[in-house]
Amino acid sequence: MAHLPFHDEHAPLYSLGQVAEMLQVQQAYLRRLDQHDVVSPSRTTGGQRRYSQRDIMTVQHVTRMADQGMTLTAIRRILELERELAELRTELDTARARLAELE
DNA sequence: ATTCTCACA
DNA sequence: TGTGAGAA
């Protein structure tokens with residue numbers, strides 16, 4: 001079931017203005033997230049930001065945390081830890097799968 | 001018409 | 001955090 005190339009969540013599609021519009025946030029805010037390495041979208045050859053659907057989900061997540069009063073540096077750390085947690089969970093799953101084969 | 005960076009309040 | 005100037 002890989003009808004992929006049409007909605008690839010990592011495809012850099014949306015401009016800064018489009019994302020700001022659909023998320024109802026300021027363009028300057030998105031640029032700051034990039035500055036602080038919280039959400040860093042890819043760039044076109046001309047240097048313009050292009051957000052993927054994934055990037056946009058992350059921005060929403062970040063915005064929820066920021067609304068709760070967290071600083072951008074704190075949020076950057078949290079995202080880092082969340083990625084690490086996700087990675088460890090998949091490793092745990094494969095480890096469990098191997099154990100199951102031994103039974 | 002849009003987006004970029006940078007500087008300032 | 002938001003705004004505006006000036007370049008691209």
Side-chain angles (χ1 to χ4, degrees):
Chain A
M1 268 330 147
H3 42 138
L4 253 56
F6 291 105
H7 40 69
D8 179 2
E9 55 195 345
H10 288 93
L13 295 176
Y14 308 92
S15 74
L16 182 88
Q18 291 175 315
V19 176
E21 166 66 20
M22 51 192 279
L23 262 41
Q24 290 294 285
V25 298
Q26 289 234 254
Q27 303 191 351
Y29 169 69
L30 294 175
R31 295 198 176 100
R32 292 203 193 276
L33 294 187
D34 190 3
Q35 265 187 341
H36 291 71
D37 299 307
V38 175
V39 181
S40 306
S42 50
R43 301 280 187 133
T44 64
T45 326
Q48 299 196 346
R49 280 169 261 250
R50 283 295 123 90
Y51 293 81
S52 68
Q53 193 171 313
R54 254 283 180 274
D55 291 331
I56 294 175
M57 299 306 284
T58 312
V59 171
Q60 288 186 310
H61 186 207
V62 166
T63 304
R64 286 196 284 280
M65 294 192 280
D67 286 344
Q68 294 178 336
M70 273 176 261
T71 66
L72 290 187
T73 40
I75 293 173
R76 184 182 63 242
R77 183 69 176 127
I78 290 175
L79 291 183
E80 216 175 287
L81 291 171
E82 284 177 343
R83 289 184 203 109
E84 196 175 325
L85 178 60
E87 186 183 341
L88 287 171
R89 281 184 162 147
T90 66
E91 283 184 27
L92 179 59
D93 281 350
T94 68
R96 278 175 170 158
R98 289 186 195 180
L99 273 180
E101 288 176 25
L102 296 179
E103 313 227 341

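Spacing between atom CG of Leu72(A) and atom P of dG2(C) amounts to 11 Å, rounded to whole angstrom units. One interatomic measurement links the two molecules: OH of Tyr51(A) to P of dT3(B), which rounds to 11 Å at whole-angstrom precision. Rounding to whole angstrom units, CG of residue Leu30(A) and P of dT1(C) are separated by 12 Å. Counting to the nearest Å, the P atom of dT1(C) and the CG atom of Asp34(A) are 15 Å from each other. Between the CG atom of Leu16(A) and the P atom of dG2(C) there is a distance of 14 Å, given to the nearest Å. Rounded to an integer number of Å, the gap from Gln35(A) CD to dC4(B) C1' is 12 Å. Atom-to-atom, CD of Glu21(A) to P of dT2(B) comes out at 11 Å; the value is rounded to the nearest Å.
Distances shown here put a side-chain N or O of Arg31(A) below 4.0 Å from the OP1 or OP2 atom of dC4(B). OP1 and OP2 of dT5(B) both lie 4.0 Å or more from every side-chain N or O belonging to Arg32(A).
Here the side chain of Gln27(A) is nearest to one of dT3(B), dC8(B), dC4(B), namely dT3(B). Among the nucleotides dC4(B), dT3(C), dT3(B), the one closest to any side-chain atom of Ser15(A) is dT3(B). If you check dT5(B), dG2(C), dT3(B) against the side chain of Ala28(A), the one that comes closest is dG2(C).
Ranked by how close their nearest DNA chain C nucleotide is to the 5' end, Gln48(A) and Gln26(A) are led by Gln26(A).
For Met22(A), the CE atom is densely surrounded, since the number of other residues' heavy atoms within 6.0 Å is greater than 12.
With a 4.5 Å cut-off on side-chain heavy atoms, His61(A) and Leu79(A) count as touching.
A donor and an acceptor atom, one from each side chain of Asp55(A) and Ser52(A), are located under 3.5 Å apart.
For the pairing with Leu16(A), the side chain to side chain contact (heavy atoms under 4.5 Å, CB included) check across Gln48(A), Arg31(A), Glu21(A) returns one residue only, Arg31(A).
Glu101(A) places no side-chain N or O within donor-acceptor distance of the main-chain N or O of Arg98(A), the cut-off being under 3.5 Å.
Within the 4.0 angstrom heavy-atom criterion, only backbone atoms of the sugar-phosphate kind lie near Arg43(A); the bases stay farther away.
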